[in-house]
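Okay, structure first, notes after.
Since the structure is predicted, the reported quantities are computational estimates derived from the model, not experimental observations.
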Amino acid sequence: MTTVRTRIAPSPTGDPHVGTAYIALFNLCFARQHGGQFILRIEDTDQLRSTRESEQQIYDALRWLGIEWDEGPDVGGPHGPYRQSERGDIYKKYSAELVDKGHAFPCFCSAERLDAVRAQQMANKETPRYDGHCMQLDPAQAQQRVAAGESHVVRMKVPDTGICTVPDMLRGNVEIPWDRMDMQVLMKADGLPTYFLANVVDDHLMGITHVLRGEEWLPSAPKLIKLYEYFGWEQPALCYMPLLRNPDKSKLSKRKNPTSVTFYERMGYLPEAMLNYLGRMGWSMPDEREKFSLAEMIEHFDLSRVSLGGPIFDLEKLSWLNGQWLRELPVERFAAEVQKWAFNPQYLMQIAPHVQGRVETFSQIAPLAGMFFMGGVSPDASLFAHKKLSAEQVRQVMQLILWKLEALRQWDKERITGCIQAVVEHLELKLRDAMPLMFAAITGHANSVSVLDAMEILGPDLTRFRLRQAIELLGGVSKKETKEWEKLLAAIA
């Protein structure tokens with residue numbers, strides 16, 4: 001009997017997302033319920049955005065939740081390497097095999113030509129897709145151009161008529177017309193694979209038997225199925241999990257809900273409660289109880305209990321569930337968890353140097369340093385009134401700084417200052433024009449300990465959260481402003 005093997009393959013390109021944890025949890029439960037193995041693979045072929053810092057954050061976030069894997073980049077295993085960036089020669093070999101078999105072809109089209117083709121197709125109200133231009137080239141001549149070093153990608157051939165039947169473990173057979181499929185790029189011009197080739201090759205070579213992934217990948221499933229067919233490999237069982245949604249039913253996004261696992265750790269949620277809540281996303285225990293442990297979820301896990309309605313990620317409900325967990329802890333464990341969360345020597349030692357020179361008695365510490373032990377703060381809107389900037393400019397400065405900080409992967413005072421400096425210089429302002437806004441948003445007061453030191457100590461999740469809260473307090477950012485300001489952001493060094 002085949003051993004069940006599932007996997008999660010996150011991209012280390014940002015904060016560890018709760019959606020990643022949700023899919024990881026269901027893959028883990030499915031594997032463990034069947035006595036199988038769960039694998040972590042790092043999808044880091046986006047060389048511009050992938051970082052080792054993000055990769056480490058993924059490990060830390062999943063482990064904080066209690067999700068452990070049997071094989072992965074950090075624990076090893078018999079099917080390594082487990083980072084896609086270290087498997088380049090493997091992908092080149094299989095890409096060449098597809099070209100040799102006539103299932104794929106080198107494409108030399110420039111970005112300008114592709115843009116023109118798609119613009120014309122859209123003008124004709126056609127589905128934008130590659131027009132097969134380079135598919136008509138003589139294979140020998142195409143290979144000569146490749147050998148000569150001409151820039152190219154490798155594209156797969158797909159049928160342009162008929163229906164592909166996608167067997168989904170949750171929905172049954174899903175029919176998707178082939179004329180919706182583009183001739184997918186499999187190998188980019190930089191010699192690295194795209195998601196489609198890398199996933200199929202890795203899942204096959206790593207012996208993955210069941211793939212549980214987000215339903216946003218369902219429309220492109222025919223391309224994966226076709227690749228298995230081209231290689232002559234047995235495809236794993238496919239399961240497309242419902243997407244997490246905001247309370248307004250939109251796809252979960254950091255613009256409406258904090259999406260970083262680390263945010264919930266810093267806010268003081270228990271990992272068991274967080275995992276419990278993720279387990280309730282579209283799934284329920286046979287007895288419908290709300291509170292359950294990971295061991296209980298594994299024991300009773302059954303995919304037939306997954307509901308296809310988009311599960312709502314509701315902060316109020318999560319907080320309620322966390323409260324249930326907190327109240328049922330033995331008081332000694334409760335005290336120990338509080339200490340571990342924020343009253344541990346390591347965290348207190350970061351704060352002490354900034355407080356010591358500002359107090360005359362210990363009783364003055366709480367008012368001054370309380371913001372280090374809070375999630376959000378509640379600044380008065382009057383603190384953002386500015387002598388030099390209009391109300392719109394105040395929101396613009398804060399939003400641009402927030403966007404710069406969201407892209408910051410190495411979090412330290414120097415780089416935080418650099419982000420703020422870059423924004424104010426581009427807007428032809430001074431640092432002193434922005435700092436009062438930062439004080440109000442981050443500390444909740446007009447002055448406190450050094451706000452830059454505070455931002456470094458609080459960390460990226462709470463800093464960004466407080467900035468978002470302050471922007472919302474001032475009326476938020478409209479779609480029109482977002483569009484205009486994103487153009488500004490692109491021009492900031």
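Between the side chains of Tyr264 and Asn322, not a single donor N or O lies within less than 3.5 Å of an accepting N or O. Inspection of the Thr13 and Asp46 side chains reveals no N or O donor paired with an N or O acceptor under 3.5 Å. Looking only at atom types and distance, the side chain of Arg245 has no donor-acceptor partner in the side chain of Ser250 under 3.5 Å away.
Under the side-chain contact (heavy atoms from CB on, under 4.5 Å) criterion, Glu272 pairs with Leu270, Trp325, Arg333, not counting sequence neighbours. For Thr3, there are no side-chain hydrogen bond (donor to acceptor under 3.5 Å, both in side chains) partners, not counting sequence neighbours. For Arg52, the side-chain contact (heavy atoms from CB on, under 4.5 Å) partners at least two apart in sequence or on another chain are Glu55, Arg83, Glu86. Remark: Ser363 engages Thr361 in a side-chain hydrogen bond (donor to acceptor under 3.5 Å, both in side chains) (not counting sequence neighbours). Take Lys223 and apply the side-chain hydrogen bond (donor to acceptor under 3.5 Å, both in side chains) test, not counting sequence neighbours, and it matches Gln184. Listed by chain and residue number, nothing satisfies the ring-ring contact (aromatic ring centres under 6.0 Å, His included) test with Phe196 (two or more places apart in sequence, or in another chain).
Taking the six-membered ring where the residue is Trp, Tyr59 and Trp69 present tilted rings, their angle falling between 30° and 60°. Aromatic ring orientation, Phe301 versus Phe26: perpendicular (interplanar angle above 60°, classes split at 30° and 60°).
A distance of 6.0 Å separates CG of Leu427 from CG of Leu400, quoted to the nearest 0.5 Å.
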